[in-house]
Amino acid sequence: MTDTRNFGSATPKVGAGWGWMLASGVLSALLGLAAFVWPFAATYAATLVIGIFFLIAGGVSIAAGLAGRSHERRGYAIGFGILSLIVGMVMVFAPATAALSLTLMVALWLGLRGAMEIGFGTRLKRGRGWMIGLGILNIVLAVIVLSTLPFSALTLPGYILGISFLFSGITSIAAALDHRKGAAAFGSPA
């Protein structure tokens with residue numbers, strides 16, 4: 001008797017796993033919404049998680065530097081490890097300070113990006129208004145972030161996470177539903 005089941009197939013059945021993709025998308029979207037409802041908690045949690053990653057990276061880098069006695073980048077590995085440990089400790093033990101630094105960097109990035117867009121936009125022949133408008137919008141956003149400190153420092157990273165998780169979830173949900181109908185999971189167009 002021949003077994004017709006295909007257990008070790010390299011090609012999965014069309015639509016296989018769509019439920020997991022859907023569950024992942026729904027969870028991500030719910031986390032995104034939760035970050036909007038509780039932006040301070042999301043900022044605090046993200047700061048702690050990133051701080052722990054810095055601590056782990058710092059410890060591993062120092063260990064690699066100490067273990068690589070004859071390696072030419074040993075000093076760099078140890079220095080990078082110490083710097084990572086310091087940043088990680090600030091993020092874990094003073095998360096409000098870390099969130100403030102992150103928020104200031106976002107404001108600086110928005111302001112510089114806006115100035116570049118206005119400068120570049122003035123030289124465009126087509127789409128000049130859109131580019132200049134985008135630059136003005138980014139500068140206004142930078143001013144809003146700076147004018148609402150320190151409150152914005154305690155909520156902005158949470159809102160950013162919320163946007164990321166929400167749109168990631170929506171994308172996964174749409175992909176799961178397409179995959180259920182037979183489309184390749186997260187496949188590139190043919």
Side-chain angles (χ1 to χ4, degrees), residues 21-58 61 80 82-178 186 188-189:
M21 291 168 58
L22 181 65
S24 171
V26 168
L27 178 63
S28 181
L30 289 174
L31 286 172
L33 289 174
F36 275 106
V37 174
W38 299 289
F40 176 75
T43 297
Y44 184 74
T47 303
L48 287 178
V49 169
I50 294 169
I52 290 168
F53 283 146
F54 269 103
L55 290 173
I56 292 169
S61 187
F80 174 75
I82 292 169
L83 177 63
S84 296
L85 283 177
I86 292 168
V87 169
M89 283 190 268
V90 168
M91 294 186 89
V92 169
F93 297 114
T97 301
L100 178 63
S101 299
L102 177 62
T103 304
L104 287 171
M105 292 302 293
V106 168
L108 177 66
W109 176 77
L110 284 169
L112 291 175
R113 176 182 174 183
M116 288 173 33
E117 289 161 345
I118 290 170
F120 183 68
T122 59
R123 290 184 264 145
L124 290 176
K125 291 183 181 177
R126 291 186 329 218
R128 173 182 299 180
W130 285 106
M131 184 64 76
I132 292 172
L134 180 60
I136 292 169
L137 173 67
N138 282 321
I139 289 173
V140 168
L141 288 173
V143 169
I144 291 170
V145 168
L146 290 173
S147 67
T148 58
L149 285 172
F151 179 74
S152 62
L154 300 177
T155 56
L156 181 66
Y159 287 131
I160 291 170
L161 280 175
I163 291 168
S164 178
F165 273 93
L166 182 62
F167 282 96
S168 172
I170 291 168
T171 301
S172 291
I173 290 168
L177 296 176
D178 282 346
F186 296 108
S188 58

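Remember, predicted model here, so these are calculated numbers, not experimental data.
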Are I139 and L110 side-chain neighbours, meaning at least one heavy-atom pair lies under 4.5 Å? no
Under 3.5 Å, which donor-acceptor pairs link side chains of residues 24-42 to any protein atom two or more places apart or in another chain?
unit_1 : atom_1 : unit_2 : atom_2 : d
S28    : OG     : F165   : O      : 2.7
S28    : OG     : G169   : N      : 3.4

List the atom pairs, with distances to 0.1 Å, where a side-chain N or O of residues 141-160 and a protein N or O form a donor-acceptor pair under 3.5 Å, not counting sequence neighbours.
unit_1 : atom_1 : unit_2 : atom_2 : d
S147   : OG     : V143   : O      : 3.0
S147   : OG     : I144   : O      : 3.1
T148   : OG1    : I144   : O      : 2.9
T148   : OG1    : V145   : O      : 3.2
T148   : OG1    : S152   : OG     : 3.3
S152   : OG     : V145   : O      : 3.0
T155   : OG1    : F151   : O      : 3.2

How far apart are the C-alpha atoms of L22 and I173, what are their side-chain angles, what is the distance that settles it, and do they pass the side chain to side chain contact (heavy atoms under 4.5 Å, CB included) test? CA-CA 5 Å; L22 181 65; I173 290 168; 3.8 Å; yes
Listed by chain and number, what are the side-chain contact (heavy atoms from CB on, under 4.5 Å) partners of L48, not counting sequence neighbours? Y44, V92
Name all residues meeting the side-chain contact (heavy atoms from CB on, under 4.5 Å) criterion together with I82; count only those two or more places apart in sequence or in a different chain, and write none if there are none. I62, I78, I86
So which heavy atom on A99 is nearest to which on T43, and how close? CB-CG2, 3.8 Å
Nearest atoms (heavy-atom pairs only) where T47 meets M91: CG2-O, 3.4 Å
Salt bridge (charged side-chain N to carboxylate O under 4.0 Å, His left out) partners of residues 86-113, not counting sequence neighbours, each pair once: R113-E117
Rounded to the nearest 0.5 angstrom, the OG1-CG distance for T171 and L166 is 9.5 Å
Can you tell me which residue pairs pass the ring pair (Phe, Tyr, Trp, His ring centres under 6.0 Å) test with a partner in residues 90-148, sequence neighbours excluded? none
Got a sec, which pairs hit side chain to side chain donor-acceptor pair (under 3.5 Å) with one end in residues 84-103, sequence neighbours left out? none
